[in-house]
Each structure stands twice: as structure tokens, then as C-alpha cells.
Amino acid sequence: MKIQSFAITAMILCAGMPVYASGIPTVSQVPGRVMWVDVKLGQMQIKLERDPGMGETKDYRITRYETRVKDPSDKKFLTIDDLRPGENVTLDVIDGQEDKIIEKIVAESLEASDFQEASGQLQAIDGSAGTLTLQEKMRNGVEEQNNLSYFLFDPQTIVVLQSPSIQPVAVVLKPGDQVQIQFVLRDGKQEIYSITLYSPQHTTTTTVTTTTSTQ
């Protein structure tokens, strides 16, 4: 009788396991490019880089305490404060719970200290070659003596904003504009991740136009 009782109990437990397993939510990896991050608001926006919705922008909720940020090799301790516009990321999103706080983000191996800033007057820009010349007035908070600096960018992925908004916009860049650039040094080259335009938007003939889709 003891053996029979044990067998019945084991069958009940085993029968219940698939029911529990089927209730575990599935997680999808959503790759995209950071368009903006607002740590205080607890939100970020990415431009989706895979179907469904490729090329569209989508907002997600984040917090310092619940959202873990890691690099691909998981060797750096990163936080949402390290995320910058133009950065490639992959979000773990629970299917059917896209409005919940994102718990995990895989980002590039870049910390906030890896990003530099330069501001000044745009001297030249080539949207086809992805090159930009800036007459610097300020670099990393230190005044410059109007030095000419050369930068590279990807015309297909560059993030452009217009102050004071943090939202990416369809904006035209032209010589003479006052801009601020966020960039990183890579292999001796200055690669731009985002550009913020401070001068009024113009509609005259230009060398590069960037567009972003809205929800």
C-alpha cells in the first residue's frame, strides 16, 4: 500500500509540472538604437532594428534599481546612466508585458566616461561620406580656441536632436549651425553618436537630412 500511495503522489506531481512550465512568460530580445534616455522620468526610446516594426521608435520603462545594464561579455558594471543616444542596445522584453519595467539591457562596452562632448559652429558636413568639420568653442567643459576638428558618423544611424527637446526630430544640418556633439574615440578616430542642434531650423538647401519615425 505504501508503494502504491507513493506512485500516485508522484504521478500527481509530474502531471502538475507542465502546467507550471507553460505559465512561465517568454522573453524576446529586442535590438535597436537608443534615441533618447530620461533617467529621472524612467523612460527610454529606441529605434527598432528588427521586424516586427523595424525602423519604428518605441518607448520603454527603466529604473536605476530594477534595470540591469551589461556589456556583451558581461565584464563591465554598467547602469542606465551610461546609456547614450546613438548607442546599440538589446532589450529583454517579456511578451505581452511591453509596458512593464525592462529588467535587462545589453549595451555596447561603453561607460559614460567614454563619451566626450564638443560644441561649436558647424563648418562642413558631408551626408554621403559621413564626415563633419566643427570649429570648436568648448570640449568636455573646457573652452577651446576655435580649433577645427574632424568627425565621422554613420548617415543611416546618426541621432539628431534639437534643443531643448530630447526627442529626435527630422532636422536639417548646415554650415553655420551651432551644435553639440557626443562622440567616442575609436582607433584614433572621433565617431559621433548624436548631434544636438542649438540654432533655429532652416529649410534651405543642405548637405544632409536625418529623419526619425514617430509612434
Side-chain angles (χ1 to χ4, degrees), residues 31-39 44-49 54-57 71-72 76 78 81-89 107-214:
R33 183 172 294 270
V34 178
M35 304 308 287
W36 56 264
V37 180
D38 191 323
V39 175
M44 69 181 297
Q45 183 183 89
I46 70 169
K47 187 173 184 179
L48 303 175
E49 295 185 345
M54 183 173 180
E56 298 178 356
T57 56
D71 69 316
K76 286 188 175 181
L78 302 172
D81 295 283
D82 293 306
L83 298 174
R84 291 292 185 275
E87 193 170 355
N88 290 305
V89 294
E108 298 180 40
S109 300
L110 295 170
E111 301 175 19
S113 59
D114 294 319
F115 286 89
Q116 300 188 48
E117 290 184 348
S119 58
Q121 187 179 74
L122 189 61
Q123 297 297 301
I125 185 167
D126 188 329
S128 299
T131 58
L132 180 152
T133 305
L134 182 71
Q135 186 175 37
E136 291 191 41
K137 295 182 179 179
M138 186 86 64
R139 176 176 284 233
N140 299 324
V142 179
E143 289 188 8
E144 295 287 333
Q145 299 299 318
N146 293 322
N147 294 329
L148 284 179
S149 298
Y150 303 91
F151 299 85
L152 302 177
F153 65 91
D154 186 338
Q156 301 300 318
T157 60
I158 184 68
V159 175
V160 180
L161 307 99
Q162 186 167 14
S163 179
S165 174
I166 62 171
Q167 294 276 1
V169 293
V171 68
V172 172
L173 297 175
K174 63 182 290 291
D177 283 339
Q178 297 296 322
V179 298
Q180 183 183 73
I181 294 171
Q182 282 203 335
F183 66 96
V184 297
L185 291 174
R186 184 175 286 121
D187 298 328
K189 299 177 181 179
Q190 301 182 129
E191 297 186 11
I192 300 174
Y193 273 65
S194 67
I195 303 173
T196 301
L197 174 65
Y198 284 95
S199 58
Q201 182 174 343
H202 298 278
T203 57
T204 54
T205 303
T206 60
T207 52
V208 62
T209 302
T210 63
T211 59
T212 58
S213 55
T214 57

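Not measured: the values here are computed from a predicted model.
No hydrogens or angles considered: nothing links the side chains of Gln182 and Gln180 as a donor-acceptor pair under 3.5 Å. For the 3.5 Å distance criterion, the side chains of Glu136 and Asn147 fail to qualify, holding no donor opposite an acceptor.
Proximity of a side-chain donor or acceptor of Arg33 to a complementary backbone N or O of Gly86 within less than 3.5 Å is detected. A distance-only check finds no donor-acceptor pair linking the side chain of Asp71 to the backbone of Ala107 [under 3.5 Å]. Here the side chain of Glu111 pairs no donor or acceptor atom with the backbone of Asp82 at under 3.5 angstrom. Side-chain atoms of Glu108 come within 3.5 Å of backbone N or O of Asn88 as a donor-acceptor pair.
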(Q) What verdict does the side-chain contact (heavy atoms from CB on, under 4.5 Å) test give for Ile181 and Glu117, after you've listed the backbone C-alpha separation in whole Å, the side-chain angles of each residue and the deciding distance to 0.1 Å? (A) CA-CA 5 Å; Ile181 294 171; Glu117 290 184 348; over 6 Å; no
Q: Could you go through the side-chain contact (heavy atoms from CB on, under 4.5 Å) check for Ile125 and Phe153 one step at a time?
A: CA-CA 10 Å; Ile125 185 167; Phe153 65 91; 4.0 Å; yes
**Q.** Leu152 vs Thr131, side-chain contact (heavy atoms from CB on, under 4.5 Å): CA-CA, chis, key distance, verdict
**A.** CA-CA 5 Å; Leu152 302 177; Thr131 58; 3.8 Å; yes
**Q.** Step-by-step side-chain contact (heavy atoms from CB on, under 4.5 Å) determination, Glu144 to Met138
**A.** CA-CA 5 Å; Glu144 295 287 333; Met138 186 86 64; 5.8 Å; no
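When every heavy atom of Gly120 is checked against every heavy atom of Leu134, the shortest pair comes out as C-CD1, 3.6 Å. Between Leu161 and Ser194, the closest heavy-atom pair is CD1-CB, 4.3 Å. When every heavy atom of Ile192 is checked against every heavy atom of Phe151, the shortest pair comes out as CD1-CB, 3.4 Å. Of all non-hydrogen atoms in Val159 and Pro85, the two that sit nearest each other are CG1-CB, 4.1 Å. Of all non-hydrogen atoms in Thr133 and Leu122, the two that sit nearest each other are O-CD1, 3.7 Å. Closest approach of Phe115 and Glu87 over heavy atoms only: CZ-OE1, 4.0 Å.
Atom CG of Asn140 is separated from atom OG of Ser119 by 9.5 Å, given to the nearest 0.5 angstrom. The distance from atom CD of Glu191 to atom CG of Asp154, rounded to the nearest 0.5 Å, is 9.5 Å. The CG atom of Asp177 sits 11.0 Å away from the CD atom of Gln123 when rounded to the nearest 0.5 Å.
Between Met54 and Leu48 there is no side-chain heavy-atom pair separated by less than 4.5 Å. For the pair Gln116/Gln190, no side-chain contact is recorded, criterion being any heavy-atom separation below 4.5 Å from C-beta on. A heavy-atom distance below 4.5 Å is not found between the side chains of Lys47 and Glu56. Within the 4.5 Å cutoff, the side chain of Ser128 has no heavy atoms near those of the Pro155 side chain. Proximity of Arg84 to Tyr193: side-chain heavy atoms (C-beta onward) are nowhere separated by under 4.5 Å.
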